[in-house]
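All remarks here apply to the structure that follows.
All ligand and atom numbering here is 1-based and tracks the order in the structure.
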Amino acid sequence: MSIGKNIKHDSSLAHVTGESIFIDDREALASEVFVGVVGSPVACGTLKKIYSQKALEYPTCLAVYTAKDLVVKKWGAIVHDQPLLVEEEIGYIGEPICIFACSNRYDLEEIKKLFTFDILAKEGVFTLEEALKKNNLLYAAPKPFVQGDIKKGFEESEYILEGSFYSGGQEHFYMESQASVAYPMENGQIEVHSSSQHPSETQRLVAEALGLSFQQVVCIVKRLGGGFGGKESQAAPIAVYAALVASKFNRAARLILTKDEDMKITGKRHPFYSEYKVGFSNEGLINALKVKLNADAGAYLDLSSSILERAMFHADGAYYLQNVHIEGRAFKTNNASNTAYRGFGGPQGNMVVESILEDIALFLKKDSFDIRRLNIYQNKNTKTPYGQDLENNMLPALFDKVLISSDYKKRLTQIEHWNNKKYGSLKGISITAVKFGIAFTARFLNQGSALVNLHLDGSLQVSTGAIEMGQGINTKLGQIVAHCFGVSCDVVQVMTTSTEKNHNTSPTAASSGSDINGAAALQASNQIKARLTKLAQLIFKNEISDDLNEFELGDSNLSGDIVFVDGQVKEISSGKKLSLKELIQMAYFNRVSLGGYSFYKTPEVGFSKETVEGKAFNYYTQGVAVSEVIVDEYTGEVKVTGTDILMDLGRPLNPGIDKGQTTGAFIQGMGWVTTEKLVYDNKGNLLTHSPTTYKIPNIQDTPRTFNVDFICNEDNQCNVHRSKAVGEPPFLLGISVWTAIKHALSFRNIKNINSELTSPATNETVLVELMRLKGV
Ligand code: MTE
Ligand code: QUE
Ligand code: MOS
């Protein structure tokens, strides 16, 4: 049986050999044209005129299209506030103004240079600081999250710290840029292949922009070369540009952003600037916390309101806050419109409280592990700031286990010794925790469907709305179906995702891809299995003699006496058996359906931000990480010498894949808080738009010692096969590297001042902070 087994990723071999097909690996048709996007040279202003004559004179440039060519001209994941192509107002540098078709893809860059514009440029707003000062409010959470009485809480606190905290944005850095190929079909229909986490959204937007009905557009997604949230909303306009050219020209059209272009014009993780006030006791117990979260939404709303909301949901981190008040606001700036990125605001919210806890420990001169252990949800204190109870709380067990397994106390003593004796390098150690709420907070998105087909040779196919972006969802879906029918995974093929097989699908996001689609696939499989079980019973009772014998399957229940194992269907009581393939063939000749389609909705979830009531999450994925760092005192260079991660994933569907997800997410989180810094000039141009200037972690940056382990959780009853979602939660554990840096630097706090470390803590940032603490 395949659940809980380390079945290898279904594309692992083909990814390594290069045989996996991505959008741009699709063979170009002879008549195919290539699409170029021409963006605004300024961040803010009014577009007066587009000069495209020079471009059109270029021999391979075939046509230019503008907003005038679109039927529906605006889009947006939540509110349609964003122009597909600029009509008048320009919101950010590189914002698409027009697109052109070209017969030679190698001419695209030359032609882009030939466009000029008449623009009335205006002064832009580029930082949260300015946006706050100018009160460029774009969205405010309708209600704060409030529990207890913060006024009383502060009054009863022995100490109060006030401060602010900044965390920077982050580039998704998927390996495959935004990409789409559109094929014109009969009667104006369009088949669009898109590197999208949300094919239904792509289908909808293409149809609207081109004035087609939804049934005329099919969106197909084989796989992505990484998405990380960046292809959830922002893949759709790319597909529209390709589809527009395809439909105007009646030729296949391909649009692949270059890496630099993608980095410049697509949205990133939201930078957050947060203000807080915390009251705590002598022991370090938080009595009261007030947090104001401020997000840089960029030029348009995109998913910012949902992201801000998730930041608010995670401002408690893993800690019980008796008296708490959490507010959230998103501000408009003239940066590219920021969007979903692994964690979806959760990391930004969580990092504030982890930073605060590190500060409390440093302030009280106590060990930060003990301070955190004191504050975590435990005993009867399991009520979150938004009223949901943390059921099946694994946090105390995780803390207590990792304390031992990481040998934390001994290492802390060694670090103190090292830092006091040596000069030139500083060590630090810190634990942080994650308690990530699983479910879309937008209730309607918690639904999915699956289609399962059984074929006469005994092989199976499954199709869902899920998108494979490297996270291994296809492997997990295959396991679920294979397990149900008692066959090995290679008998099950997970099919290309397409809006004609699964409709009105949710994005593969919020880590819930395998929860939703896996549950639907299991239901669809069980439908077929129930019919086959009944049929097998009749066969074993010799009630079916030939294929002319009409019979009714009736309401069949799954019988405990019939089992599907090792490719066989057996009746335990009689010892009779036949192969699944034989049973499938019997079913076919006796006119029993071999297909199953099922719809699944996550039970019970639904939270209202207007009333701050309801169950926001289905359950929580929890985990802890202890990280140790060494900081070079002369250069500020940071190395992570060790990380111990312990996660609660319920009963993992595939521990190997989940280990990969945990490892990858942690490293991506570590990159966010250390080396990945976005730098802009004062006009809003992104200067770090290529791998040479934007530093993601590489293999040498991984912790020297890296232990990833899962806790045994037999109590979790939620979710498919009692598994828990893994995709985003471990991202938040990267924060432990940042708090460990903060810990290390505290050993040179000669001036006895408060830490002002921001994120990312690049080498330069660390060095500057170290000098500030030393008073040089
Ligand atoms: N893993 C890989 N290799 N590539 C990705 O793009 N995206 C992450 C995570 N893991 C991603 C990934 C994000 S942002 C999410 S929401 C989840 O995968 C989505 O997939 P799941 O719901 O199947 O976990
Ligand atoms: C987590 C998510 C998403 C979310 C909420 C989460 C997400 C997403 C949306 C969303 C919300 C409203 C819409 C919409 C999408 O909410 O990915 O189209 O109208 O897309 O807690 O990951
Ligand atoms: Mo993930 S940010 O929910 O796509």
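- For ligand 3, the atoms lying closer than 4.0 Å to a non-hydrogen atom of Ala509 are 3 (O), 4 (O).
- Counting the atoms of ligand 2 from 1 in the order shown, those under 4.0 Å from a heavy atom of Leu303 are 8 (C), 9 (C), 10 (C), 15 (C), 20 (O).
- Aromatic ring centres of Phe617 and Phe313: separated by under 6.0 Å.
- Protein heavy atom nearest atom 13 (C) of ligand 2, with residue, atom name and distance: Ile78 CG1, 3.4 Å.
- Listed by atom number, the atoms of ligand 3 under 4.0 Å from Glu232 heavy atoms are 4 (O).
- Considering only heavy atoms from C-beta on, Pro760 stays 4.5 Å or farther from Val673 through its side chain.
- A salt bridge is absent between Glu261 and Lys264: the closest approach of a Lys/Arg side-chain nitrogen to an acidic carboxylate oxygen does not fall below 4.0 angstrom.
- For the pair Asp262 (side chain) and Leu257 (backbone), a donor-acceptor distance under 3.5 Å is absent.
- Residue contact check: Ala442 has heavy atoms under 4.0 Å from atoms 11 (C), 12 (C) of ligand 2.
- Nearest protein neighbour of atom 11 (C) of ligand 2, counting heavy atoms only, is Ser306 OG, 3.2 Å.
- At the top of the distance list for atom 1 (Mo) of ligand 3, counting protein heavy atoms only, stands Glu728 OE2, 3.6 Å.
- By heavy-atom distance, the residue among Leu445, Asn446, Thr508 lying nearest atom 15 (C) of ligand 2 is Leu445.
- For the pair Asp701 and Lys695, the salt-bridge criterion is met [side-chain N within less than 4.0 Å of a carboxylate O].
- In this structure, Ser514 OG and His721 NE2 are separated by 11.5 Å, a value rounded to the nearest 0.5 Å.
- Close contacts between ligand 3 and Gly229 involve ligand atoms 2 (S), 4 (O) [criterion: under 4.0 Å to a heavy atom].
- Per-residue contacts place Ala510 under 4.0 angstrom from the following atoms of ligand 2 (heavy atoms of the residue considered): 1 (C), 2 (C), 22 (O).
- Using a heavy-atom distance under 4.0 Å as the criterion, the protein contacts of ligand 1 are Gly226, Gly227, Phe228, Gly229, Arg342, Met469, Gly470, Gln471, Ile473, Thr508, Ala509, Ala510, Ser511, Ser512, Gly513, Ser514, Gln661, Gly727, Glu728.
- With salt bridges taken as basic N to acidic carboxylate O contacts below 4.0 Å, none links Glu728 and Arg342.
- Every atom of ligand 3 with a heavy atom of Arg342 under 4.0 Å away is listed here by number and element: 2 (S).
- Between the side chain of Asn6 and the main chain of Ile657, no donor-acceptor pair closer than 3.5 Å is present.
- Taking a 6.0 Å sphere around CZ of Arg443, one finds it holds 12 or fewer heavy atoms contributed by other residues, nucleotides or ligands.
- Considering backbone and side-chain atoms alike, Tyr341 places every N or O at 3.5 Å or more from each N or O of ligand 3.
- The cationic group of Lys222 does not satisfy the cation-pi geometry with Phe22, failing either the under 6.0 Å distance to the six-membered ring centre or the 45° limit from the ring axis.
- In summary, Lys724 and Asp648 engage in a salt bridge, as defined by a charged side-chain N under 4.0 Å from a carboxylate O.
- Judged by distance alone, the side chains of Ser200 and Asn504 never bring a donor and an acceptor atom under 3.5 Å apart.
- Taking any N or O of Gln197, backbone or side chain, at least one lies under 3.5 Å from an N or O belonging to ligand 3.
- Between Lys476 and Asp658 a salt bridge is recorded (basic side-chain N to carboxylate O distance below 4.0 Å).
- Looking at Glu728, Glu232, His198, Arg310 and measuring to atom 20 (O) of ligand 2, the nearest heavy atom belongs to Glu232.
- Look at Lys231 and Glu176 and you find a salt bridge, because one of the NZ, NE, NH1 or NH2 atoms lies within 4.0 Å of a carboxylate O, short of that distance.
- What sits closest to atom 2 (C) of ligand 2 on the protein, heavy atoms only, is Phe344 CE2, 3.3 Å.
- The nearest protein atom to atom 3 (O) of ligand 3, hydrogens excluded, is given as Ala510 N, 2.7 Å; this is a heavy-atom distance.
- Atoms of ligand 2 lying under 4.0 Å from any heavy atom of Thr441, numbered from 1 in the order shown and given with element: 5 (C), 6 (C), 21 (O).
- Contact annotation: Phe444 has at least one heavy atom less than 4.0 Å from an atom of ligand 2.
- Near Ala439, with a cut-off below 4.0 Å to any heavy atom, the atoms of ligand 2 are 21 (O).
- Considering backbone and side-chain atoms together, Ala77 places an N or O closer than 3.5 Å to an N or O of ligand 2.
- For the pair Lys435 (side chain) and Gly317 (backbone), a donor-acceptor distance under 3.5 Å is present.
- Of the N and O atoms on the side chains of Gln523 and Ser598, at least one donor lies less than 3.5 Å from an acceptor on the other residue.
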